[in-house]
Amino acid sequence: MKEKHLNLINGKWVKAASGKILQSTNPADSDDVVGEVPASGKEDVDAAVAAARAAFDGWRLTPAPKRAELLFRAAELLLKHKGELGRLVTREMGKILPEGLGDVQEAIDMAYYMAGEGRRLSGETVPSELFAKDCKSVRVPIGTFALITPWNFPTAIPAWKIFPCLISGNTAVFKPSSYTPIAAARLVEIITEAGLPPGVLNLVQGTGEEIGEYLATHPGIDGVSFTGSSAVGERLARLCSGIEKEISCEMGGKNPIIVMDDARLDLAIEGALWGGFGTSGQRCTAASRIIVHEKVYDRFVEMFTAMAKRLKIGSGLDPSVHMGPVINRAQMEKVLGYIEIGKKEGANLVHGGRALNYGLLAKGFFIEPTIFADVRPEMRIAQEEIFGPVVAILKAKDLKHAIEMANGVKYGLSSSIYTQDVNNTAIAERDLDAGIVYINAPTIGAEIQLPFGGTKRSGLGRKEAGGRGGSLDMFTKWKVIYRDFSGRLQKAQIDKE
Ligand code: UN1
């Protein structure tokens with residue numbers, strides 16, 4: 001069934017002004033057209049930004065607990081539609097169904113969590129040094145945000161942005177990836193069923209080339225929250241600096257799992273398979289490097305390869321399948337290109353390496369789970385983000401050497417260590433230069449109630465998701481209020497009594 005969806009501007013579902021459309025297809029079967037959406041242009045962005053700006057005052061002045069009621073309702077509606085939406089995520093993006101459902105669950109979790117923030121959003125009240133005077137800091141909304149999201153988490157990442165943005169009292173123009181527009185459209189349809197006032201959340205579908213940069217740098221936009229490639233994020237950050245726009249970018253990763261000689265190898269292998277090949281390696285948190293202690297290196301490579309050989313590849317809707325396709329032909333070619341680079345660099349291809357283009361699989365973009373052993377840290381396949389099912393295994397002499405290699409890349413999003421030694425865990429926790437450190441768990445699976453984001457070229461600006469240092473800092477600014485009720489002029493730092 002082909003779905004047709006529209007843009008949402010000022011509470012109305014509308015076509016692109018040009019009437020153009022873009023189609024979304026199933027990466028497991030390119031004959032399966034999932035649906036179509038408007039291919040928006042600049043005038044559509046202008047209309048959405050104007051609507052969001054017009055809605056700002058009304059929304060800002062709506063008490064946060066009232067805003068929260070709408071978010072609670074949205075969470076309940078998402079829960080009701082979880083099965084439908086999860087299947088759509090799988091059909092449009094390719095990840096296996098349990099992951100599609102997990103994607104939606106992450107959106108639901110974020111909706112409930114941020115709804116709860118409606119009764120917190122707390123600042124500080126502190127004493128004044130002066131008589132009959134009080135002081136407090138409060139969080140206030142920033143204005144109208146551009147929310148620009150990738151295709152690998154078609155509902156979770158939009159939810160990471162939409163819910164904290166709205167609970168804080170901002171309005172939004174949401175531009176999802178043009179590869180997963182249908183899941184984004186359904187997400188917005190479900191959220192707006194909760195009864196959001198017109199203009200608070202607007203949806204503009206289209207390509208990054210056509211409208212991404214235009215939206216991010218639009219004079220009516222006060223802040224930008226972007227998740228995607230480092231190249232695009234860094235470009236947007238450069239463009240936004242100097243034009244008074246808040247910008248936060250979540251970008252790439254080259255996330256390592258360290259496996260020590262005292263690790264439980266069965267656990268480490270299971271974790272590496274999930275971290276490396278889950279979502280076909282298309283997570284910014286994917287475990288694309290496994291750094292193994294030399295004492296267990298050969299055994300690890302042998303056991304890990306044996307397990308990877310058992311992974312069944314196919315449509316994510318087939319319950320017997322472990323790994324789905326990559327998102328599209330361009331991504332498949334990019335990944336295959338990196339596999340060639342790995343071979344040329346002299347890494348040892350121990351498993352996989354090919355596109356699976358026979359039978360039904362030929363209609364989709366399937367790549368074998370691919371493992372390179374004996375990878376040296378300076379090789380491109382150990383340095384650059386591939387965003388596909390390709391894992392590089394490196395050999396370490398000891399923990400210090402392992403951490404050096406783990407940190408020796410330009411990224412620092414997620415990291416992990418498998419060890420049974422408490423001292424090793426403490427050293428890894430202290431010295432891994434990454435936004436997230438997992439102990440005896442792979443690099444994927446961050447929970448929404450903690451900040452999400454990385455160091456170095458993995459992130460710019462504020463972090464996403466919850467907790468102290470999370471996205472409320474991205475979507476609010478601090479205002480400090482002093483109130484003098486002494487009835488006279490008091491001078492801070494100067495008055496003596
Ligand atoms: C991403 O890879 O872009 O931690 C986000 C995880 C997920 C989110 C990943 N909760 O793997």
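The figures here come from the full heavy-atom set of this structure, side chains too, leaving out hydrogens, waters and symmetry mates.
A 4.5 Å side-chain heavy-atom check between Ser248 and Met474 finds at least one atom pair inside the cut-off. When side chains are defined from C-beta on, Ser415 does not count as touching Ile436, because their heavy atoms never get closer than 4.5 Å. The shortest distance between side-chain heavy atoms of Pro369 and Ile313 falls below 4.5 Å. Ser288 is not listed as a side-chain neighbour of Val391, based on a closest heavy-atom distance of 4.5 Å or more. Looking at heavy atoms from C-beta onward, Ile9 lies out of side-chain contact with Val173 at the 4.5 angstrom threshold. For the pair Leu8 and Val204, the minimum side-chain heavy-atom distance is 4.5 Å or more.
The existence of a salt bridge linking Lys2 and Glu36 is confirmed by a sub-4.0 Å separation between a basic side-chain nitrogen and an acidic carboxylate oxygen. In summary, Glu384 and Lys410 do not engage in a salt bridge, as defined by a charged side-chain N under 4.0 Å from a carboxylate O. Classification of Arg91 and Asp32 as a salt-bridged pair holds, one side-chain N sitting under 4.0 Å from a carboxylate O. Electrostatic pairing of Glu84 and Arg186 counts as a salt bridge here, judged by a charged N lying under 4.0 Å from a carboxylate O.
Heavy-atom neighbours of Glu447 CD from other residues, nucleotides or ligands within 6.0 Å: at or below the threshold of 12. Crowding of Arg235 atom CZ: a count of heavy atoms from other residues, nucleotides or ligands under 6.0 Å not exceeding 12. Taking a 6.0 Å sphere around OH of Tyr113, one finds it holds more than 12 heavy atoms contributed by other residues, nucleotides or ligands. In the displayed structure, Lys82 atom NZ is contacted under 6.0 Å by more than 12 heavy atoms of other residues, nucleotides or ligands. Heavy atoms from other residues, nucleotides or ligands lying under 6.0 Å from NZ of Lys12 number 12 at most.
The structure places CZ of Phe56 at 9.0 Å from CD1 of Ile142, a figure rounded to the nearest 0.5 Å. In this structure, Ile221 CD1 and Glu246 CD are separated by 13.0 Å, a value rounded to the nearest 0.5 Å. How far CZ of Phe365 is from CD of Gln331: 11.0 Å, rounded to the nearest 0.5 Å. For the atom pair CH2 of Trp13 and CG of Leu6, the computed distance is 7.5 Å after rounding to the nearest 0.5 Å. Thr155 contributes atom OG1, which lies 11.0 Å from atom CD of Glu92 (distance to the nearest 0.5 angstrom). Between Phe226 atom CZ and Cys240 atom SG the span is 11.0 Å, to the nearest 0.5 Å.
When the side chain to side chain contact (heavy atoms under 4.5 Å, CB included) test is applied to Pro154, the partners found at least two apart in sequence or on another chain are Val89, Met93, Lys95, Asp103, Thr180, Ala183.
Between the Gln449 side chain and the Gly466 main chain, no donor and acceptor come within less than 3.5 Å of each other. Side-chain atoms of Arg73 come within 3.5 Å of backbone N or O of Ala194 as a donor-acceptor pair. Arg289 contributes a side-chain N or O that, together with a main-chain N or O of Met405, makes up a donor-acceptor pair within less than 3.5 Å. Judged purely by atom type and a 3.5 angstrom limit, Ser137 uses its side chain to pair as donor or acceptor with the backbone of Glu124. Side-chain N or O atoms of Asn26 include one that pairs as donor or acceptor with a backbone N or O of Ala28 at under 3.5 Å. Thr370 places no side-chain N or O within 3.5 Å of a backbone atom of Val390 that could act as its donor or acceptor partner. Here the side chain of Gln282 pairs a donor or acceptor atom with the backbone of Thr279 at under 3.5 angstrom. At least one donor-acceptor pair under 3.5 Å links the side chain of Asn202 to the backbone N or O of Asn10. The backbone N or O of Val335 sits nowhere less than 3.5 Å from a side-chain atom of Glu340 that would complete a donor-acceptor pair. Remark: side-chain polar atoms of Ser416 are not paired, donor with acceptor, to backbone N or O of Pro442 under 3.5 angstrom.
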Pair Asn170, Thr144 - check side chain to side chain contact (heavy atoms under 4.5 Å, CB included), show working. CA-CA 6 Å; Asn170 304 286; Thr144 294; over 6 Å; no
Please test Thr227 against Glu464 for side chain to side chain donor-acceptor pair (under 3.5 Å), starting from the C-alpha separation and ending with a verdict. CA-CA 10 Å; Thr227 300; Glu464 306 248 43; 3.0 Å; yes
Could you check Lys136 against Val480 for side chain to side chain contact (heavy atoms under 4.5 Å, CB included), going step by step and ending with a plain yes or no? CA-CA 6 Å; Lys136 63 184 176 190; Val480 170; over 6 Å; no
The test is salt bridge (charged side-chain N to carboxylate O under 4.0 Å, His left out); show your working for Lys15 and Asp44 and say whether it passes. CA-CA 9 Å; Lys15 294 181 180 166; Asp44 305 302; over 6 Å; no
Please report the C-alpha distance between Trp160 and Glu106 in whole Å, then the side-chain angles of each, then the deciding distance to 0.1 Å, and finally whether the side chain to side chain donor-acceptor pair (under 3.5 Å) criterion is met. CA-CA 8 Å; Trp160 286 9; Glu106 201 163 339; 3.1 Å; yes
Would Asn255 and Thr285 count as a side chain to side chain donor-acceptor pair (under 3.5 Å) here? Give the steps. CA-CA 6 Å; Asn255 314 290; Thr285 50; 5.5 Å; no
Full working for side chain to side chain donor-acceptor pair (under 3.5 Å) between Asp29 and Ser315: CA-CA 8 Å; Asp29 174 3; Ser315 161; over 6 Å; no
Would you sort out whether Lys175 and Leu147 count as a side chain to side chain contact (heavy atoms under 4.5 Å, CB included), showing the intermediate values? CA-CA 6 Å; Lys175 194 210 90 62; Leu147 309 178; over 6 Å; no
Does the side chain to side chain contact (heavy atoms under 4.5 Å, CB included) test come out yes or no for Met114 and Leu472, once each step is laid out? CA-CA 9 Å; Met114 285 298 157; Leu472 291 186; 4.0 Å; yes
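Annotation for Glu43 and Ala17: closest pair CG-CB, 3.4 Å, computed over non-hydrogen atoms. For the residue pair Met323 and Ile96, the shortest heavy atom distance occurs at N-CG2, 4.0 Å. Across all their heavy atoms, Glu250 and Gly454 have their closest contact at OE1-N, 3.9 Å. Across all their heavy atoms, Trp59 and Pro197 have their closest contact at CZ3-CD, 3.7 Å. Nearest heavy atoms, Thr443 versus Pro256: CG2-O, 3.5 Å. Contact record, Pro325 with Gly94: CD-O, 3.4 Å, taken as the closest heavy-atom pair.
Checking Ser225 against Lys161 by side-chain atom types alone, a donor-acceptor pair falls below 3.5 Å. With hydrogens and angles left out, the side-chain atoms of Tyr411 and Glu385 include no donor and acceptor closer than 3.5 Å.
Tyr214 carries Lys42 over the face of its six-membered ring, with the cationic atom under 6.0 Å from the centre and within 45° of the normal.
Not less than 6.0 angstrom separates the ring centroid of Trp274 from the ring centroid of Tyr438.
Residue pairs that meet the side chain to side chain donor-acceptor pair (under 3.5 Å) test with at least one member in residues 474-483, sequence neighbours left out, are Asp134-Arg483, Arg139-Thr476.
Between Phe72 and Tyr112, the angle of the ring planes lies from 30° to 60°, which puts this pair in the tilted group.
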